[in-house]
Amino acid sequence: MHVPPTETLTTPPTGTPTASRRRRRTRSFGFAAFAVSLLMAVPTAQTAFGQDAQAIEGGGDLGPNVLVFDPSTPNIQAKVDEIFKQQESAQFGTGRYALMFKPGTYSNINAQIGFYTSIAGLGLKPDDTTFNGDVTVDAGWFNGNATQNFWRSAENLALNPVSGTDRWAVSQAAPFRRMHVKGGLNLAPNGYGWASGGYIADSKIDGQVAPYSQQQWYTRDSTIGSWGNGVWNMTFSGVEGAPAQSFPNPPYTTLENTPVSREKPFLYLDGNDYKVFVPAKRTNARGVSWNGTPQGESIPLDQFYVVKPGASAATINAAVQQGLHLLFTPGIYHVDQTINIDRANTVVLGLGLATIIPDNGVTAINVGDVDGVKLAGLLVDAGPQNSQVLVQVGPDGASADHSANPTTVQDVFVRVGGAGAGKATTAMVINNDDTIVDHTWLWRADHGDGVGWETNRSDYGLQVNGDDVLATGLFVEHFNKYDVRWSGERGKTIFFQNEKSYDAPNQAAVQNGDTKGYAAYKVDDSVTTHEGWGLGSYCYYNVDPTIRQDHGFEAPVKPGVKFHDLLVVSLGGQGQYEHVINNTGTPTSGTTTVPSNVVSFP
């Protein structure tokens, strides 16, 4: 949210399945036992590249934009304030920072977090690194409006808030992971101005979480003392202390468990040695993963190529072929060829919103049809030359069963325009079966530089071709045609937040054959089984407010296709929906910005 509050295809978009590609498996959804992979030995230069190749060295320092503190570091507050002053309003700036705190106790800290800034503890568990103080996001830079507080994160810290309540007033692409707040958590800006939805996972909030003006929110696999209120769509899965199912009044969608999850990898210190911890997969998860001994594997930093700005895509690919994982330090990376992750169990972890930009229309990141890849903590920015796809998980026709060890895509954000001219036909394509997409924001920019109906053209946000794909915390906004198109079988989505493109010039520009407008979330007619919980689509056609959408959602009417707790909203009457899903649900009307239509389907 950035302001207050069925196409006939002749050529399918890249990654759309064909009859020869589609297959149907009858196994159950992803509940096989987790197999912890063995650490991969790093090959010699000869085995990786031939006799004359030189091996790429793993490990090393973390670069100048990773600031590491311990309790004895002088002037911590001054340094944190310096970074915040630079980043507070730098929405499309080039600075990237990670603030890392060694285990211990830090007193009198108020770490205000601006754009492209991540803060994290370096313990194995959140309580290893304790602030007697706060980690704060507010919206003073934007007159108390938090709807553009994007691209920042907090992870792996325990907080004793000074006032008893911490403030985390964010919108999209601002994860709050693996945190322990020994008090309450306020999700609205000072003054309770607008805020537009966010994400909490693997966290414990001892007191109340108070959304106030937050229009939508997703919380996963956590423990909370209580939840304060709801506006449009508050969704919970695997959350101890979550409010009971009550949608639409209050608008709570509550699942007792998350079907399958694996927490995001993170950097930590084992004594004086940096390692990356990769949490184990959980099925039917509930509550945090870090009670008792955390389950998973630790990978020493010397098994990572520590990527720094200026590194070429060729070198990055050579490191992967050699057997190294990838740790992207904060910065902006221009690539002239695709980064290919075609080795099972490879970890690709970004710090400080590390940003990858394809310069010549290539796909930025491509994952092979292999087990257990972990993509996490990256922003992919479209370049000025159109890319057919920006992030692709699995090749066309991928068919391997990855249920025991799926690929996870976590805090991987895609942006088309905003920071400058950019184009992409499709932001993200998921071809691999069993993939878990856990918190993504795919955004065709509605403001910033290089923005216009054709200037930052991007027809499709997410295309899912793989079977048994699960999305938890799916944010997709403003694409020219379908924001999400789901073609694989047995897909599941828990929480979806969408806005249709603001800048459509007229009704004809979004006409989809005989259908008015492209659905925000379309399930293909060929699909027999699909399920979603807590999905919302909102329209704000500010160029032509007379535009009407036939529906926000489109799906085949079949016994196996089910949606729970759907809503559509017209923001300020700038455009309207005729129905919620297919021809079900009454129209939105007038200038109201409350959900005037909520349904389940069928």
Side-chain angles (χ1 to χ4, degrees), residues 1 30 149-155 168 170-179 187 195-203 209 211 214-222 224 227 230 232-239 242 251-255 257-264 279 282 285-286 288-289 374-379 391 393 406-414 427-428 430 435-443 461-462 464 469-477 483-484 486 491-499 520-521 531-538 563-567:
M1 184 73 57
N149 280 351
F150 313 139
W151 304 306
R152 64 199 75 197
S153 67
E155 297 185 49
W168 187 254
V170 299
S171 289
Q172 290 76 33
F176 196 81
R177 287 184 181 271
R178 205 177 180 86
M179 296 287 286
L187 303 179
S196 177
Y199 173 94
I200 293 170
D202 201 28
S203 293
V209 181
Q214 281 288 355
Q215 293 152 342
Q216 57 271 318
W217 197 276
Y218 176 53
T219 307
R220 179 182 62 71
D221 298 354
S222 294
I224 62 175
W227 190 268
W232 295 342
N233 180 20
M234 303 284 148
T235 301
F236 310 84
S237 68
V239 178
Y252 299 148
T253 298
T254 302
L255 287 73
N257 306 93
T258 303
V260 59
S261 58
R262 182 171 58 208
E263 300 304 330
K264 179 176 175 248
R282 298 198 290 167
R286 183 171 174 82
V288 300
S289 71
K374 294 91 180 174
L375 294 182
L378 296 167
L379 171 60
V391 177
V393 179
T407 284
T408 46
V409 180
Q410 299 178 285
D411 300 345
V412 174
F413 311 124
V414 176
M428 183 180 290
I430 306 295
T435 302
I436 301 170
V437 181
D438 177 46
H439 191 227
T440 190
W441 185 37
L442 312 179
W443 185 57
L462 176 67
V464 179
V469 172
L470 170 66
T472 52
L474 180 58
F475 299 75
V476 187
E477 295 186 311
D483 296 281
V484 172
W486 209 293
K492 296 186 179 183
T493 295
I494 305 173
F495 183 87
F496 172 64
Q497 187 264 327
N498 165 261
E499 288 181 349
Y521 188 111
E531 196 159 11
W533 296 262
L535 287 74
S537 178
Y538 319 113
F563 287 95
H564 314 270
D565 305 350
L566 292 172
L567 69 153

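Everything numeric here is computed off the predicted structure, so don't read it as measured data.
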Completion exercise
All heavy atoms of Pro406 vs all of Ile436, minimum pair found to be CG-CD1, 3.9 Å

Handout entry: Closest contact, heavy atoms only, Val288 versus Asp202
Key = CA-OD1, 3.2 Å

Exercise for the section: List the steps and the verdict of side chain to side chain contact (heavy atoms under 4.5 Å, CB included) for Thr493 and Trp533. Expected result: CA-CA 6 Å; Thr493 295; Trp533 296 262; over 6 Å; no

Exercise for the section: Any chance you could measure Asp221, atom CG, to Asn257, atom CG, to the nearest 0.5 Å? Expected result: 8.5 Å

Exercise for the section: Classify the ring geometry between Phe475 and His439 as parallel (under 30°), tilted (30 to 60°) or perpendicular (over 60°). Expected result: perpendicular

Exercise for the section: Determine whether the side chains of Ser196 and Gln214 contain a donor N or O and an acceptor N or O closer than 3.5 Å. Expected result: no

Practice task
Answer whether the closest heavy-atom distance between the side chains of Thr258 and Val260 falls below 4.5 Å.
Solution key: no

Practice task
Would you mind reporting whether Trp151 and Leu379 have side-chain heavy atoms less than 4.5 Å apart?
Solution key: yes

Handout entry: Nearest heavy atoms of Thr235 and Gly534, plus distance in Å
Key = OG1-CA, 3.7 Å

Handout entry: Side chains of Ser237 and Tyr218, donor plus acceptor under 3.5 Å
Key = yes

Practice task
Assess the side chains of Ser171 and Asn149: does a donor N or O sit below 3.5 Å from an acceptor N or O?
Solution key: no

Exercise for the section: Could you go through the ring pair (Phe, Tyr, Trp, His ring centres under 6.0 Å) check for Tyr521 and Phe563 one step at a time? Expected result: CA-CA 11 Å; Tyr521 188 111; Phe563 287 95; 5.7 Å; yes

Handout entry: Close side-chain approach of Leu462 and Ile430, heavy atoms under 4.5 Å
Key = yes

Handout entry: Heavy-atom pair with the smallest gap, counting every atom of Gly197 and Trp217
Key = C-CE3, 3.8 Å

Exercise for the section: Search all heavy atoms of Trp168 against all heavy atoms of Ser153 and return the closest pair with its distance. Expected result: CH2-C, 3.8 Å

Fill in the blank from the handout: One should read off an interatomic distance between Thr435 OG1 and Leu375 CG, to the nearest 0.5 angstrom, of 9.5 Å

Completion exercise
Sorted by chain and residue number, the salt bridge (charged side-chain N to carboxylate O under 4.0 Å, His left out) partners of Arg220 (sequence neighbours excluded) come out as Glu263, Asp438

Practice task
Just do the side chain to side chain contact (heavy atoms under 4.5 Å, CB included) check on Met428 and Thr440 with the steps written out, would you?
Solution key: CA-CA 10 Å; Met428 183 180 290; Thr440 190; 3.9 Å; yes

Handout entry: Interatomic distance, Leu474 atom CG to Leu442 atom CG [nearest 0.5 angstrom]
Key = 7.0 Å

Problem - Polar side chain donor-acceptor pair, Gln215 to Gln497, under 3.5 angstrom - result: no

Practice task
Say whether Thr219 and Tyr199, considering side chains only, have a donor N or O and an acceptor N or O under 3.5 Å apart.
Solution key: no

Practice task
Report the C-alpha distance between Asn233 and Phe495 in whole Å, list the side-chain angles of each, state the deciding distance to 0.1 Å, and finish with yes or no for side chain to side chain contact (heavy atoms under 4.5 Å, CB included).
Solution key: CA-CA 9 Å; Asn233 180 20; Phe495 183 87; 3.7 Å; yes

Fill in the blank from the handout: d(Trp443 CH2, Glu499 CD) to nearest 0.5 Å is 10.5 Å

Practice task
Give the C-alpha distance, both sets of side-chain angles, the deciding distance and a yes or no for side chain to side chain contact (heavy atoms under 4.5 Å, CB included) between Val476 and Phe496.
Solution key: CA-CA 8 Å; Val476 187; Phe496 172 64; 4.1 Å; yes

Exercise for the section: Sort out for me which residue in Lys264, Arg178, Arg177 forms a side chain to side chain donor-acceptor pair (under 3.5 Å) with Glu155. Expected result: Lys264

Exercise for the section: May I have the step-by-step check of side chain to side chain donor-acceptor pair (under 3.5 Å) for Gln216 and Tyr538, ending in yes or no? Expected result: CA-CA 11 Å; Gln216 57 271 318; Tyr538 319 113; 2.9 Å; yes

Completion exercise
Here the gap from Thr408 atom OG1 to Lys374 atom NZ, rounded to the nearest 0.5 Å, amounts to 6.5 Å

Fill in the blank from the handout: Heavy-atom nearest pair, Ile494 first then Pro259, reads CD1-CD, 3.6 Å

